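Position 1 is the first residue of the sequence, and the numbers go up from there. Being a predicted model, the structure only gives us computed values, none of them experimental. Side-chain atoms are counted along with the backbone in the values below, which use heavy atoms only and exclude waters and symmetry mates.
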Amino acid sequence: MDEIKRIAELRALLEYHNRRYYIDNSPEIGDIEFDHLMHELERLEQLHPECYDPNSPTCRVGADLSNEFEQVKHEYPMLSLGNTYSREELFEFDARVHKQLGLGQSVEYVCELKYDGTSISLIYDEGALRRAVTRGDGVKGDDVTANVRTINTVPLKLHGDFPDRFEIRGEILMPFAVFDRLNAEREEAGEQLFANPRNAAAGTLKLQSSAEVAKRNLDCYLYYMPGRVDGITTHYDSLVAASKWGLNVAKNYKLCSSIEEVWSFIELWDIKRSELPVPIDGVVIKVNSYAQQDQLGYTAKSPRWAIAYKFKAEQANTKLLSITYQVGRTGSVTPVANLEPVRLAGTTVKRASLHNADVIESLGIHDGDWVYVEKGGEIIPKIVGVDLSRREPGANPIKFITKCPECGTALVREEGEANHYCPNEMCPPRVLGRIEHFVSRKAMNIDGMGSEIIELLLSSGKISNVADIYTLPERRDELVGLEKIVYVEEPAEHVEVSLANMFDVVSSEPRLVPKKLFSLQKRSVDNLIKAIEKSKQAGLSALIHGLGIRHIGESASKDLARNFNTIEALQSATIEELLNIEGIGKQMAESICSYFANSENIAMIDLMKSCGVVTTCTESKTSDKLSGMTFVITGTLSTNRDHFKKLILAAGGKVSDSVSAKTTYLLAGENAGSKLSKAQKLGITILDEASFMNMLSE
């Protein structure tokens, strides 16, 4: 057979079997046979590069290329849905629909499961996937086509009587099984865990390598066509048609003839949701008739013909095994409950947050209690109650610890604060946390210096504080080949010895043996040194933020840098001078003065200066035109908000994240939301982009 024809045949055959396996759940061939066909196609495509097609089944493995996501405007805005949380609110929605349509009209509703993932819009042109775009701000989103092509449940080619061009929307999801596997791998590697399947799916979709996306085994369920297709007059019929074209339409939808039938559907899936392989958080209810949808229309934010019923957070009952205490970089001590593993919201829960001593006391938790755990999207769920009926007689109430679990220092609790703190600056987790914060992206941004590298440098004595980082370039040769060793327990050996028909058992004691986890190679060290050298130019605001002064965040660090210009001026500032800066309160001022009163902190800063770290303000100030003015930026502007933020700061103004009585102007672009409403209520002047630029140029 001609090789070009064979390529076309193999592509069609693999798409067919892919659809049978992932969408129809009725595979006709085994994995080995499928792989054999795929390998044959890969070989032929390599021989015939002129036949390249981005929608070939071979492209599902993705590419290791870095993608810069292009912003694409949606043909139809991707609006949000109104939410309802009770039967009464749902029936009120039904009453509004009937009132607007006229009491004589009957209404059908389509009920769909509300999948908890990240929204996606797919464009098909002549039956081929042409573009996949994220929701973004509802007006425009990121083009993630290369990544979406790796998802097996997204057909690259359609079949049947499909329209020439149409858009269909749905949800990208991470199945629970994949989520659990990824988090187990990340935990073993010491990496930060994903908070929940939704965040994991959204983060995966924005990875720069589509080959990495392919490894994550994402899923995609489709549920809505915003345009109209000839011959289709209802939403229900559109779902049926899309299924016939080979699209993975979300299962378990139902056509209901009354709101009572809708409620029965909701009650059913509130119970059955734990049986699903992917997360849902409610049910979406849509008016079925397109004509009625058009009659009902839209508000500024959402359609009047649809609403989402949100389920209450799931709870589970399990036993408290113990409580451990974690020490953060500021010394804050957080109690964490270790639980008997229990399934909750599709994931296995082993830990739950207890926040602080007051929470433990208010819950009245005793040793060995059975507790109610609730998960509302956090990585560590929270305990919301105690099952008193299962408490063991004589169980003792939990008492918050009085000494640091890491260094043994007596804990302190400042007046008016909820948390206990370890005051020992050299407490190991505090040292580690301070360095992790210092090298983070919003501080000195030392790329490649993760937790494992920091732990290795600390344990080997190469660094003891943040300033030591800048001495590493001079000691490069000491780093190459540096190994991270852990000691693991080798099990005891048991040997049976026969003596006159008697058996003695000789046991060796368990012993610790070294195990190498990783070592620093030349290339890794070179990249680390480059990142350290680059960070020297981060500027004063990044340095102040990186120092981790208590109560001083990113915004306050920028204010301090602009007002004092040098680290020396900030070091010698009095509380009165600090209080003169807008946004700096008494607690913050005292914390700054306390930090610079410590001779060890001054020695660190002096060492950084001697190593070439820039300790002056690098944010150029071109005028005082906006001095004394506070701006809030909202909505979609012609370019990203950071551009306008820099213009405001350069002209002496301030930028805040929230609208308040202290706000001077609101710079509002298209689709401005709640901030615009609040500014209008407070009588704050609203500027569009043109007015703002005129203000700067006057």
Side-chain angles (χ1 to χ4, degrees), residues 83-90 111 113-117 171 173-180 183-184 187 193-201 252 262-284 308-324 326 334-392 395 397-398 418:
N83 291 328
T84 180
Y85 298 89
S86 68
R87 185 179 187 276
E88 291 72 27
E89 291 174 344
L90 179 68
C111 292
L113 302 184
K114 187 177 182 297
Y115 293 94
D116 193 15
E171 210 82 359
L173 300 129
M174 179 172 285
F176 290 129
V178 177
F179 175 76
D180 288 343
N183 262 355
E187 187 170 26
L193 303 186
F194 289 120
N196 49 54
R198 180 187 65 250
N199 290 2
N252 302 307
V262 169
W263 181 247
S264 296
F265 182 90
I266 290 171
E267 289 184 310
L268 172 68
W269 282 103
D270 195 5
I271 297 169
K272 291 183 64 176
R273 55 176 155 153
S274 60
E275 302 172 10
L276 295 168
V278 292
I280 67 168
D281 59 356
V283 170
V284 175
Y309 179 91
K310 300 292 287 287
F311 292 140
K312 293 182 176 64
E314 287 189 65
Q315 284 189 359
N317 186 242
T318 189
K319 188 174 184 178
L320 173 67
L321 301 178
S322 64
I323 293 178
T324 52
Q326 299 176 347
T334 304
V336 176
N338 300 300
L339 308 169
E340 202 167 82
V342 63
R343 200 73 178 168
L344 176 63
T347 59
T348 300
V349 172
K350 300 177 183 177
R351 297 182 301 159
S353 174
L354 282 167
H355 303 293
N356 53 54
D358 290 344
V359 170
I360 292 176
E361 186 177 349
S362 65
L363 288 168
I365 298 178
H366 286 49
D367 288 327
D369 268 351
W370 283 78
V371 295
Y372 295 104
V373 186
E374 189 174 285
K375 191 172 186 181
E378 303 87 354
I379 186 167
I380 300 181
K382 57 185 177 183
I383 292 177
V384 295
V386 175
D387 187 351
L388 297 177
S389 67
R390 304 181 74 173
R391 176 172 288 168
E392 293 289 337
I398 299 292

Open item on the list: Could you walk me through whether Ile280 and Lys114 satisfy the side-chain contact (heavy atoms from CB on, under 4.5 Å) test, starting with their C-alpha distance in whole Å, then the side-chain angles of each, then the deciding distance to 0.1 Å, before giving a yes or no?
Closed with: CA-CA 5 Å; Ile280 67 168; Lys114 187 177 182 297; 5.6 Å; no
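In this structure, Asp180 does not pair ionically with Lys350, as no charged nitrogen and carboxylate oxygen lie closer than 4.0 Å.
For Gln315, the side chain to side chain donor-acceptor pair (under 3.5 Å) partners at least two apart in sequence or on another chain are Glu374. For Asn356, the side-chain contact (heavy atoms from CB on, under 4.5 Å) test picks out Asp358, Val359, Ala418, Asn419, with sequence neighbours left out. Scored by the side-chain contact (heavy atoms from CB on, under 4.5 Å) test, Ser322 finds Asn338 as partners (sequence neighbours excluded). In this view, Thr84 and Glu89 satisfy the side chain to side chain donor-acceptor pair (under 3.5 Å) rule, not counting sequence neighbours. Glu392 is linked by a side chain to side chain donor-acceptor pair (under 3.5 Å) to nothing, counting only residues two or more places apart in sequence or in another chain. Thr334 pairs by the side-chain contact (heavy atoms from CB on, under 4.5 Å) definition with Ser332, not counting sequence neighbours. Residues passing the salt bridge (charged side-chain N to carboxylate O under 4.0 Å, His left out) test with Asp270, sequence neighbours excluded: Arg273. Residues satisfying the side-chain contact (heavy atoms from CB on, under 4.5 Å) criterion with Leu268, sequence neighbours excluded, are Lys272. Residues meeting the ring-ring contact (aromatic ring centres under 6.0 Å, His included) test with Tyr309, sequence neighbours left out: Trp263. Take Arg390 and apply the salt bridge (charged side-chain N to carboxylate O under 4.0 Å, His left out) test, not counting sequence neighbours, and it matches no residue. Remark: Asp367 engages no residue in a salt bridge (charged side-chain N to carboxylate O under 4.0 Å, His left out) (not counting sequence neighbours). Among residues two or more places apart in sequence or in another chain, the side chain to side chain donor-acceptor pair (under 3.5 Å) test is passed with Ser362 by none.
The distance from atom CZ of Phe179 to atom CG of Leu173, rounded to the nearest 0.5 Å, is 13.0 Å. Of the inter-residue distances, the one linking Asn317 atom CG with Asp387 atom CG reads 5.0 Å to the nearest 0.5 angstrom. Atoms CG and CD1, on Leu354 and Ile365 in that order, are 4.5 Å from each other to the nearest 0.5 Å. Rounding to the nearest 0.5 angstrom, the gap separating the CG atom in Asp369 from the CZ atom in Arg391 is 4.0 Å. Taking CG of Leu113 as the reference point, atom CD of Glu171 lies at 12.0 Å (rounded to 0.5 Å).
Between Phe176 and Pro277 there is no side-chain heavy-atom pair separated by less than 4.5 Å.
Nearest heavy atom pair, residue His366 against residue Ala395, reads CD2-O, 3.0 Å. Minimum heavy-atom separation, Leu276 to Trp269: CD2-CZ3, 3.8 Å. Closest heavy-atom contact between Val278 and Pro175: CG1-CA, 3.8 Å. Closest non-hydrogen pair, Ile266 versus Phe311, comes out as O-CE2, 3.8 Å. Nearest heavy-atom pair, Arg351 versus Leu339, reported as atom, atom and distance to 0.1 Å: C-CD1, 4.1 Å. Contact detail for Val373 and Thr318: the closest heavy-atom pair is CG2-CG2, 4.0 Å.
Considering Val284, Asn252, Val283 as possible partners of Cys111, the one that fulfils the side-chain contact (heavy atoms from CB on, under 4.5 Å) test is Val283.
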